[in-house]
Amino acid sequence: MSNKRKQFAVIGLGVFGSTIASSLAKMGYEVLAVDRDITCVERIADTVTKAVQADATDINELRSLGIGEFDTVIVAIGNHLEESMLSVMNVKELGVPYVLAKAKNKQFMQILLKIGADRVVRSEKEMGERVAKSLVRKNIIDIIEVDNDYSIIEMKAPASWIGKTLKTLNVRSAYKMNILAIRYANQEKLVLSVDPNYVIEDGDHFLVLGETEAVEKYDYLIEK
Ligand code: ADP
């Protein structure tokens, strides 16, 4: 990953777009926020680096904003396919390497991918899945996706691990997890060197790097 600070532009400042824009700005990133509705622009003006009224279906307006220089552009127009399509096409035409678009259904998603969006999110669907998983999570406390396949996970020691060692459990090959650190029961501090012969106690927490799918399946589906 490059050290250069990424620059983001968000087009469409409904709830989804403005939340992305203000979240990125709060994390210290440079964010240009664009909407054709001046009310939406004014609402976010104090939060982001720059907020501008423009129509993203007009490539010349986008060009004059320098959209082509951004690393990532988020097209957060979910309800109007034509506007969304033209915006994605324009942004790609201007040379933006990564365009994330929002779609309200599967058909919109397929069309937006076809015309060049690099990633399309269906926010309602993805949120529904996340909420469902959070309701049935047994041991996972937190999960950070590193890329499409791997995540770093904080988890409670599953009941079936208690009284055993990482060595006898053969965690790496049996669970496809690499243990990075341990937080011993009732301790605050994370300890980075984990002894494979340590006998796991109830309440121990592990920080692990693992295949997201394998770890999630294990957590949700297996009786412990
Ligand atoms: P919602 O307000 O329900 O999220 P949309 O997802 O359709 O509705 O639109 C999100 C935002 O995108 C709105 O604030 C709208 O003004 C803006 N928008 C729609 N079309 C364009 C466009 N061509 N250029 C810039 N912003 C647009």
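Read the numbers this way: they start at 1 and go in the same order the structure lists the ligands and their atoms. All figures in this text were calculated on a predicted structure; none of them were measured in a lab.
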Practice task
Give the C-alpha distance, both sets of side-chain angles, the deciding distance and a yes or no for side chain to side chain contact (heavy atoms under 4.5 Å, CB included) between Leu112 and Ser84.
Solution key: CA-CA 8 Å; Leu112 293 170; Ser84 179; 3.6 Å; yes

The residue among Val10, Val48, Ile67, Thr49 that forms side chain to side chain contact (heavy atoms under 4.5 Å, CB included) with Leu32 is Ile67

Taking atom CD as the centre, does Gln110 end up with more than 12 heavy-atom neighbours from other residues, nucleotides or ligands that are less than 6.0 angstrom away?
yes

Of all protein heavy atoms, the one nearest atom 2 (O) of ligand 1 is Gly14 CA, 4.3 Å

Ranked by distance from atom 26 (N) of ligand 1, the top protein heavy atom is Arg36 N, 3.2 Å

Review point. Between Glu129 and Lys125, does at least one N-O distance fall below 4.0 Å, as a salt bridge requires?
Key: yes

Requested in this report: Indicate whether the side chain of Ser87 and that of Asn90 have a donor and an acceptor atom separated by less than 3.5 Å.
Outcome: no

Nearest non-hydrogen protein atom to atom 12 (O) of ligand 1, with distance, is Gly12 CA, 3.2 Å

**Asked** Counting both backbone and side chain atoms, is some N or O of Gly78 under 3.5 Å from an N or O of ligand 1?
**Response** yes

For atom 10 (C) of ligand 1, the closest protein heavy atom turns out to be Ala76 O, 3.6 Å

Side chain to side chain contact (heavy atoms under 4.5 Å, CB included) test vs Phe206 passes for just one of Ile141, Asn139, Leu166, namely Leu166

* Could a heavy atom of Ile77 be found less than 4.0 Å from some atom of ligand 1? -> yes

In terms of its nearest heavy atom to atom 22 (C) of ligand 1, the top option of Leu81, Asp55, Thr39, Val75 is Asp55

Does Asp37 reach ligand 1 with a nitrogen or oxygen that is under 3.5 Å from one of the ligand's nitrogen or oxygen atoms? no

for atom 3 (O) of ligand 1, nearest protein heavy atom and its distance come out as Asn79 ND2, 3.0 Å

for atom 7 (O) of ligand 1, nearest protein heavy atom and its distance come out as His80 ND1, 2.7 Å

Quiz item: Between Ser87 and ligand 1, does any nitrogen or oxygen pair lie at a separation below 3.5 Å?
Solution: no

One should read off an interatomic distance between Asn186 CG and Glu201 CD, to the nearest 0.5 angstrom, of 9.0 Å

Any heavy atom of Cys40 closer to ligand 1 than 4.0 angstrom? yes

Per side chain to side chain contact (heavy atoms under 4.5 Å, CB included), Asp35 is matched among Asp55, Ile44, Val41 by Val41

Under 4.0 Å between heavy atoms, the region of Ala56 that gets near ligand 1 turns out to be both

- Message: Given 3.5 Å as the limit, does a donor-acceptor pair link the side chain of Lys164 with the main chain of Ser160, or not?
- Response: yes

- Less than 3.5 Å between some nitrogen or oxygen of Asp35 and one of ligand 1, yes or no? yes

Could you go through Asp202 and Lys156, starting from their C-alpha distance and side-chain angles, then the distance that decides it, and tell me whether this counts as salt bridge (charged side-chain N to carboxylate O under 4.0 Å, His left out)?
CA-CA 8 Å; Asp202 193 10; Lys156 282 188 294 197; over 6 Å; no

- Item | 4.0 Å heavy-atom contact, Ala54 with ligand 1 | yes

Contact region, Leu13 to ligand 1, non-hydrogen atoms below 4.0 Å, reads backbone

